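Step one of this worksheet: look at the structure below.
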Amino acid sequence: MTPVDSTLPERYDPQAVEAKWQAIWDAEEAFRAEPISRDGVPPSVPDRPKAYVLEMLPYPSGEAHMGHVKNYTMGDVVAHFRRRQGWVVFHPMGYDAFGLPAENAAIRTGRPPEEVTRHNIARIREQLRRLGFSIDWQTELATCDVGFYRWTQWLFLRMFEKGLAERREAAVNWCPVDQTVLANEQVIDGACERCGTQVELRQLSQWFLRITDYAQRLLDDMDTLVDWPERVLTMQRNWIGRSEGARVTFTTDDGVHEIPVFTTRPDTLFGATFFLLAPEHPLVPQLVNGRPEAAVVTEYVRQAARADIADRTATERPKTGVFTGRHVVNPVNGEHIPVWVADYVLMDYGTGAIMAVPAHDERDFAFARAYDLPVRRVVSAPGMAADAPVEAAEPGEGTIVNSGILDGMDVAEAKPAIATWLADQGLGEATVGFRLRDWLISRQRYWGAPIPVVHCGACGVVAVPDDELPVLLPQVDDYAPKGMSPIAAAEDFVATTCPTCGGPARRETDTMDTFVDSSWYFLRYTAPNLSTAAFEREIVDYWLPVDQYIGGVEHAILHLLYARFFTKVLYDLGYVGFAEPFARLFTQGMIYYQGAKMSKSKGNVVAPDEMVNRYGADTLRLYVLFMGPAADDAEWSDHGIEGQRRFLDRVWRLVAGQEGDALIDRPTRDALADEPAALALVRKAEATVAKVTDDIGERFSFHTAISAIQELVNDATKARAEGAVTGTAGAHALRFATQTVVSLLFVFAPHAASELWQALGGERMWVAPWPDVDQAFLARESITVAVQVNGKLRDTLQVPAGLSDADVAARAKASAKVQAVIDGKDIRREIVIADRLVN
RNA sequence: GGGGGCGUGGCGGAACGGUAGACGCGACGGUCUCAAACACCGUUGAGGGCAACCUCGUGUGGGUUCGACUCCCACCGCCCCCACCA
């Protein structure tokens with residue numbers, strides 16, 4: 001520790017102060033967390049509460065932006081706060097380092113992606129350090145580290161063993177210019193995010209993780225996530241999209257093919273007047289083979305395949321389809337209904353085939369109108385005749401009609417009744433459909449973790465044995481995608497031998513989606529350098545689940561759902577003892593500037609570095625949290641940040657003149673008995689501690705916490721300027737209030753507060769206990785009571801604390817202002833809220 | 001089409017059924033300065049009054065309550081997520 005020098009420079013110079021304290025924190029490893037398995041050494045588990053405080057790791061695309069600053073500042077406030085409350089805090093940092101942007105930069109500049117990425121990481125790390133975050137830098141990792149992706153591959157193999165990772169053919173997004181598949185999130189309005197080309201659907205063999213196997217549990221376990229924003233839970237529920245219905249099997253009229261459909265309206269089965277297949281449905285070619293309709297149907301299927309995705313899925317698009325010439329038999333009534341192919345039927349939801357009930361489904365109704373197909377009412381709204389014509393689809397409630405055994409039931413009764421009947425006849429069953437799709441993790445890209453399998457002519461797809469991991473990403477010269485991953489061109493890499501039979505084999509050349517990396521990185525932080533396992537059960541079980549996770553709401557679905565899925569798989573495999581990774585989640589709002597999201601292309605970026613240079617890191621940290629509620633979007637204000645710098649200057653001036661060699665204790669109430677101004681100031685300090693503690697710990701309301709500290713500074717400054725706090729007792733109260741300001745301010749502005757704390761005679765601010773509240777000071781002997789008449793404020797009274805309700809009411813009635821209003825009128829009712837008001 | 005959220009001064013926002021507008025920005029006035037900028041001090045919801053004070057005010061209209069920015073219903077206006085999901 002540097003020797004105590006309690007003279008404070010006259011002017012606050014953030015650059016000097018920040019450099020000084022950052023160096024001290026580094027030298028002392030101030031924010032190193034135990035227990036971490038750094039070298040496989042067993043940890044000692046402290047007998048204190050723990051807090052794993054985690055912010056979503058940055059994607060190192062270049063520079064840290066204001067969103068990062070806000071995100072990491074929030075996490076840092078929580079980390080400091082819990083640390084000073086005596087909790088064991090773990091606050092790590094890493095980089096989501098694989099992925100497209102680095103690869104694109106490589107293609108553009110000719111520099112290898114690894115080099116680009118390492119350069120960007122160094123840059124972001126420097127920025128994070130300049131902002132003074134209390135990160136345990138010993139656990140820093142990048143997902144592109146061999147020591148990390150080796151274990152990503154290991155996790156993939158565990159899923160492969162369990163059948164949760166599988167290779168199968170599917171329709172995927174394909175960019176014809178970039179010659180690669182794209183993730184859904186890389187398709188913007190049907191176009192490739194890189195080149196703007198309209199994306200096509202292609203049938204390709206791809207690797208999927210069977211997240212759909214976990215759909216129900218992902219839904220059920222949400223009930224335990226009580227500390228997640230309702231909005232995020234709702235989004236996940238909608239994304240998983242559970243719907244109850246029935247699977248019903250239709251049969252072609254020649255009896256050859258059985259075609260199951262999924263429907264949420266089995267009660268309308270008798271209203272099915274035609275049958276639809278998705279263009280990609282595998283039976284389509286067989287059904288039309290050799291028929292006169294074959295040419296037309298084949299052409300329609302080809303057009304559908306070529307149509308870009310945005311177009312094909314546009315709701316307002318007119319319904320189109322072609323008749324196959326074939327019929328299927330409706331199992332409930334034996335009717336033969338025509339089979340059409342229509343592109344509004346999606347292959348990857350349900351079974352890719354539907355029964356069409358035009359009377360009670362808007363889309364089917366539109367299709368029936370377009371092609372002049374029959375419409376039959378099977379649900380009748382109250383008061384409506386069973387044969388009333390259907391003018392528009394009626395998807396609502398009503399009584400079942402024209403439906404044999406179901407007639408007379410209402411919709412809710414008919415659903416289970418028909419399901420039971422179908423099950424008895426062996427024609428179907430009640431079932432549940434999910435909107436959630438399996439997770440396509442294949443990427444025909446270079447910069448990702450290679451999928452650790454080989455393809456053997458004799459043995460098929462074979463896992464790379466654990467002891468041969470990692471499958472290292474090979475060096476290549478050309479990163480441009482050519483329809484296959486660039487690593488396919490590395491013959492040394494591709495040519496290998498089969499681990500099972502020893503014969504010649506070829507390596508898989510797809511790499512993994514980067515969301516795989518971010519689905520488990522929070523586990524690896526607990527053992528960042530461990531070379532014998534991905535992590536150690538004892539350690540992850542100590543730290544996890546994450547106590548506070550913070551990040552952007554844009555990850556509400558994908559990342560958060562994938563990470564939950566991974567955790568459940570690991571739980572089932574016995575590698576971890578918890579089924580949910582993030583106990584408490586906070587999603588922050590975005591920062592806008594000049595009315596738009598900050599972006600380089602719009603040229604409306606406010607660079608964090610520039611703000612640190614101009615105002616200091618502490619000012620920037622204060623401002624990003626002061627802008628408004630942390631969960632809300634906020635507009636950056638060039639003037640607003642100046643206000644926070646003025647605030648720190650004001651705190652600096654408040655401390656100046658009060659330097660000393662030692663901190664002081666809270667004054668006693670007796671000592672302040674005859675000093676009302678001093679007493680009021682100490683009271684304010686206590687109230688501020690109470691509010692700031694609640695705002696940070698319970699409410700995640702940082703802007704009001706900062707406001708509260710500002711109020712205390714204003715009160716203290718004013719009391720001193722007015723000479724209200726003179727003499728021993730007054731000076732004592734002022735210094736106590738000042739000390740409290742610095743102590744609370746620390747979590748937001750750690751550098752300045754550390755410096756000021758030292759000037760006041762304190763030592764390591766970051767381990768100083770969080771101030772407690774002396775309730776005795778919050779209790780008051782005199783209280784301001786509001787007096788209302790008919791709900792309107794008429795007067796305020798000073799009354800002694802603990803005065804009986806009747807006495808308070810009597811005093812209220814005696815008030816001249818109240819008399820003026822109630823004069824001559826009867827008082828019907830008196831309401832007295834203790835210590836609050838009289839009505 | 002389905003789901004979720006939000007409407008408070010000139011602006012960001014505070015008030016978790018009990019004195020609406022804390023805190024900050026901006027604006028205005030003052031001090032400092034030859035001057036300006038900075039900084040500091042003060043005023044700042046609207047209308048009225050010389051005043052102390054009074055009246056009106058939380059998108060609109062109803063309701064519950066002694067009392068509603070807050071709870072309930074309807075409407076208007078914005079924002080976000082999902083979307084031919086059968």
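The structure displayed is predicted, hence computed values, not measured ones. Every chain is numbered from 1 and lettered A, B, ... according to where its sequence line falls, protein lines coming before strand lines.
Atom CZ in A/Arg247 sits roughly 19 Å away from atom P in B/rC85 (whole-Å rounding). Atom CE in A/Met355 sits roughly 12 Å away from atom P in B/rA86 (whole-Å rounding). With rounding to whole Å, A/Ile557 atom CD1 is found 12 Å from B/rA83 atom C1'. Separating the NZ atom of A/Lys691 from the C1' atom of B/rA15 is a distance of 9 Å, rounded to the nearest angstrom. Atom-to-atom, CG of A/Asp364 to C1' of B/rA86 comes out at 7 Å; the value is rounded to the nearest Å. We find that CH2 of A/Trp636 is positioned 18 Å from P of B/rG24, with the value rounded to whole Å. Atom-to-atom, CD1 of A/Ile240 to C1' of B/rG2 comes out at 17 Å; the value is rounded to the nearest Å. Summarising the geometry, the separation between CG on A/Asp348 and P on B/rA83 is reported as 11 Å, rounded to the nearest angstrom.
B/rU60 and B/rG7 have their C1' atoms separated by 11 Å, with the value rounded to a whole Å. Distance noted for atom C1' between B/rC50 and B/rG45: 23 Å (whole Å). B/rU64 and B/rC53: their P atoms are spaced 35 Å apart (whole Å). B/rG10 and B/rA39 have their P atoms separated by 25 Å, given to the nearest Å. A distance of about 13 Å separates the C1' atoms of B/rC6 and B/rC69, rounded to the whole Å.
Listed by chain and number, the residues in a side chain to side chain contact (heavy atoms under 4.5 Å, CB included) with A/Pro260 are A/Arg247, A/Thr249, A/Thr351 (sequence neighbours excluded). Evaluation of the ring pair (Phe, Tyr, Trp, His ring centres under 6.0 Å) rule for A/Trp652 yields A/Tyr12 as partners, not counting sequence neighbours. Looking at residues two or more places apart in sequence or on another chain, you find a ring pair (Phe, Tyr, Trp, His ring centres under 6.0 Å) between A/Phe274 and A/Phe367.
Place A/Thr320 and A/Ile706 on RNA chain B by their nearest nucleotides, and A/Ile706 ends up nearer the 5' end. Both A/Pro629 and A/Phe262 lie near RNA chain B, and the one whose nearest nucleotide falls closer to the 5' end is A/Pro629.
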Quick one: which protein N/O atoms are closer than 3.5 Å to N/O atoms of nucleotides 36-44 of chain B? Pair and distance per line, please.
from	atom 1	to	atom 2	distance (Å)
B/rA39	OP1	A/Arg646	NH1	3.1
B/rC40	OP1	A/Arg653	NH2	3.2

Under 3.5 Å, which protein N or O atoms sit close to an N or O of nucleotides 3-12 of chain B? Give each pair with its distance.
from	atom 1	to	atom 2	distance (Å)
B/rG12	O2'	A/Met627	O	2.6

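A/Gly643 comes within 4.0 angstrom of the backbone, heavy atoms only, and of no base. No contact: A/Val261 has no heavy atom under 4.0 Å from any strand.
At a threshold of 4.5 Å between non-hydrogen side-chain atoms, the residues A/Ile240 and A/Tyr214 do not count as touching.
The aromatic ring centroids of A/Phe748 and A/Phe746 lie 6.0 Å or more from each other.
Close to B/rG24, at under 4.0 Å from its OP1 or OP2, lies no side-chain N or O of A/Ser637. Phosphate contact (OP1/OP2 of B/rG24, side-chain N/O of A/Asn714, threshold under 4.0 Å): present. At B/rA86, none of the side-chain N or O atoms of A/Arg265 fall inside 4.0 Å of OP1 or OP2 (strictly under the cut-off).
Here the nucleotide nearest the side chain of A/Tyr344, chosen from B/rC84, B/rA86, B/rA83, is B/rC84. Of all nucleotides listed (B/rA83, B/rC84, B/rC81), B/rC84 comes nearest to the side chain of A/Arg317. Set against B/rC81, B/rA15, B/rC85, the side chain of A/Thr704 has B/rA15 as its closest nucleotide. The side chain of A/His639 has B/rG26 as its nearest neighbour among B/rG26, B/rA22, B/rC82.
A syn base is found at B/rG9: its glycosidic angle is within 90° of 0.
Judged by distance alone, with hydrogens and angles left aside, the side-chain atoms of A/Ser403 form no donor-acceptor pair with the main-chain N or O of A/Phe270 at under 3.5 Å.
A/Glu335 and A/Arg376 are joined by a salt bridge, as a carboxylate oxygen and a charged side-chain nitrogen come within less than 4.0 angstrom of each other. Taking a cutoff of 4.0 Å between a charged side-chain nitrogen and a carboxylate oxygen, A/Lys319 and A/Glu362 do not qualify as a salt bridge. The pair A/Asp649-A/Arg645 meets the salt-bridge criterion, with a side-chain N (NZ, NE, NH1 or NH2) lying under 4.0 Å from an Asp/Glu carboxylate O.
To the nearest 0.5 Å, atoms OH (A/Tyr344) and CG (A/Asp364) are separated by 4.0 Å.
Evaluated for a side chain to side chain donor-acceptor pair (under 3.5 Å) with A/Gln588, the options A/Asp632, A/Thr73, A/Asn71 yield exactly one hit, A/Asn71.
Ring geometry for A/Tyr562 against A/Trp439 counts as parallel: the plane angle stays under 30°, on a 0 to 90° scale with 60° as the upper cut. In this structure, A/Phe515 and A/His555 have perpendicular ring planes: the angle between them is above 60°, well past the 30° mark.
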Next item on the list: Would you sketch RNA chain B in dot-bracket for me? Only Watson-Crick or G-U wobble pairs with both distances under 3.5 Å count, crossing pairs as [ ], other-strand pairs as |, the rest as dots.
Entry: (((((((..(((.....[....)))((((((.......))))))((((....))))..(((((..]....))))))))))))....
